[in-house]
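These notes concern the structure reproduced below.
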Amino acid sequence: MKVMQLLPALNSGGVERGTLDLARALVAAGHDSIVVSNGGRMVEQLELEGSRHLSMPIHRKSLFSLRQVRPLRELIRAEQPDILHVRSRVPAWLTYFAWKKLDSSNRPRLVSTAHGLYSINRYSAIMASSEQVIAISRCVRDYLTTNYSRYLQRPPEIIYRGVDTTEFLPGLTPPEGWRESVESEFPELRDKRWLLLPGRLTRWKGQEDFLRLLANLDREDLHGVVLGGAEPNKEHYAQELQQRAAELGLQTRVSFVGQRSDIRYWYGASALVYNLSKRPEPFGRTVIEAAAIGTPVIGYDIGGPAESLQACFPEGLVPDGDIAGLKDKTLELLDSEVRPVLQREFTLEAQAERTMGLYEQLLAERQGADS
Ligand SMILES: CC(=O)N[C@H]1[C@@H](OP(=O)(O)OP(=O)(O)OC[C@H]2O[C@@H](n3ccc(=O)[nH]c3=O)[C@H](O)[C@@H]2O)O[C@H](CO)[C@@H](O)[C@@H]1O
Ligand SMILES: O=P([O-])([O-])O[C@@H]1[C@@H](O)[C@H](O)[C@@H](O)[C@H](O)[C@@H]1O
């Protein structure tokens, strides 16, 4: 089977990591994996893991992007993939226009994964308009069926994001010298128990609630770690957070460690991990990554993170927006031996199995129609 995934770029983020994960699983299962994007720093890893990357500017939210439709159609004709899998709106539109004019008796099957709770408009409806939609959580599935039912050709299939358990494994220990090198970069972390909030620096991810929690915790032995990079063009938010930390008197009790490629060791070295998304988040990969390593995770009882917490660590749930509850939960779990258990439906193995099963089902349908 030949699968072509299409997304804007390959720099950072959950969509991007999910693309690489699936690509790796496809190669491991002996399939042919191609990714089309405008490129980025994850391309090297993708190629090392056995996929091919084809660079095309399919990322721009501009009408000029329509110029890519014809070259994309030519690319699809030349490569003849069995499956086209889109994960974001601009590439989804371009792929749809390119695909629609191909011979319907033998063109690839068109699959989309809805990674977001998209604004409700015609532009976003493209994510519901493929031949088979994958929803990354119950939360996303319900959102699609409520808001986009007239575009759906069949019910969306829920396939949870999965964590690669060869990378994120229970009790993972960092390589020798890792802790020393982190502590020499951030000496304030020495001899402390770390409370970790991972995720892009965007208001949605709740860094402000995390700072409020830290301000409420009057304990010398604890240190807050905010991990994740600023969004392009949103560097001001990073500055705003630092300022907020200073206003709360947290200068010596929180560190902003930036974007990290060694996030798994940070989960392993932390006492507790948080997901404090303010609005229901579609999924929230960081919850299952920390759960896979066995570090307790605390999160609000909303959206996708609540689904994976309910399954893997219900002890970590706190009512939405309850800052006082966060403090109580933190103190309770710091003294507790209870640990998360990653359920199989949140493993990359299960995700890849389900996704490939869906591809095969779509291809079998086409063959059935031919015979
Ligand atoms: C607000 C929103 O719409 N979020 C969704 C978005 O991803 P979003 O990009 O917000 O991501 P997630 O938090 O789910 O995943 C981020 C990924 O980046 C990695 N990471 C992060 C910071 C860092 O410094 N280093 C690093 O490696 C994490 O390990 C994780 O794998 O798509 C994800 C995948 O479908 C969903 O799960 C999220 O719910
Ligand atoms: O908003 P949208 O363009 O459809 O899709 C987005 C992608 O463009 C982006 O690369 C990714 O990081 C986001 O999580 C989201 O999936």
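For ligands, and for the atoms within them, numbers begin at 1 and follow the listed sequence. When a residue number appears, it is its place in the shown sequence, counting from 1.
- Trp93 and Tyr96 have perpendicular rings, their planes meeting at more than 60° on a 0 to 90° scale where under 30° would count as parallel.
- Counting only N and O atoms by type, the side chains of His85 and Thr113 include a donor and acceptor under 3.5 Å apart.
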List the steps, then state whether salt bridge (charged side-chain N to carboxylate O under 4.0 Å, His left out) holds for Arg244 with Glu208.
CA-CA 8 Å; Arg244 182 81 186 116; Glu208 283 154 89; 5.5 Å; no

What are the atom names and distances for all N or O pairs under 3.5 Å between ligand 1 and the protein?
from	atom 1	to	atom 2	distance (Å)
ligand 1	4 (N)	Glu281	OE2	3.2
ligand 1	9 (O)	Gly14	N	2.9
ligand 1	9 (O)	Arg200	NE	3.0
ligand 1	10 (O)	Arg200	NE	3.2
ligand 1	10 (O)	Arg200	NH2	2.7
ligand 1	10 (O)	Lys205	NZ	2.7
ligand 1	13 (O)	Lys205	NZ	3.1
ligand 1	14 (O)	Arg285	N	2.7
ligand 1	24 (O)	Arg260	N	2.8
ligand 1	25 (N)	Gln259	NE2	3.4
ligand 1	25 (N)	Arg260	O	2.7
ligand 1	27 (O)	Arg17	NH2	3.4
ligand 1	27 (O)	Arg260	O	3.4
ligand 1	29 (O)	Glu289	OE1	2.7
ligand 1	29 (O)	Glu289	OE2	3.2
ligand 1	31 (O)	Arg17	NE	3.0
ligand 1	31 (O)	Arg285	NE	3.2
ligand 1	31 (O)	Glu289	OE2	2.5
ligand 1	35 (O)	His115	ND1	2.5
ligand 1	37 (O)	Gly284	N	2.8
ligand 1	39 (O)	Glu281	OE2	2.8
ligand 1	39 (O)	Phe283	N	2.9
ligand 1	39 (O)	Gly284	N	3.0

How far apart are the C-alpha atoms of Arg41 and Ser12, what are their side-chain angles, what is the distance that settles it, and do they pass the side-chain contact (heavy atoms from CB on, under 4.5 Å) test?
CA-CA 8 Å; Arg41 57 170 177 259; Ser12 61; 3.6 Å; yes

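- Side-chain contact annotation: Tyr274 with Asp209, donor-acceptor N/O pair under 3.5 Å absent.
- The aromatic rings of Phe283 and Phe346 lie tilted to each other, with the angle between the two planes from 30° to 60°.
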Check ligand 2 for N or O atoms under 3.5 Å from a protein N or O and list each pair with its distance.
from	atom 1	to	atom 2	distance (Å)
ligand 2	1 (O)	Arg89	NH2	2.7
ligand 2	3 (O)	Ser88	OG	3.0
ligand 2	4 (O)	Ser88	OG	3.4
ligand 2	4 (O)	Arg89	N	2.8
ligand 2	4 (O)	Arg89	NE	2.8
ligand 2	5 (O)	Ser88	OG	3.1
ligand 2	8 (O)	Ser88	OG	3.2
ligand 2	10 (O)	Glu16	OE2	2.7
ligand 2	12 (O)	Glu16	OE1	3.4
ligand 2	12 (O)	Glu16	OE2	2.9

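- In the model, Ser88 has no side-chain atom that pairs as donor or acceptor with a side-chain atom of His115 under 3.5 Å.
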Begin with the C-alpha distance, continue with both residues' side-chain angles, and end with the deciding distance and a verdict on side-chain contact (heavy atoms from CB on, under 4.5 Å) for Val273 and Thr286.
CA-CA 9 Å; Val273 174; Thr286 51; 5.5 Å; no

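- Remark: the Arg87 side chain and the Gln5 side chain contain an N/O donor-acceptor pair separated by less than 3.5 Å.
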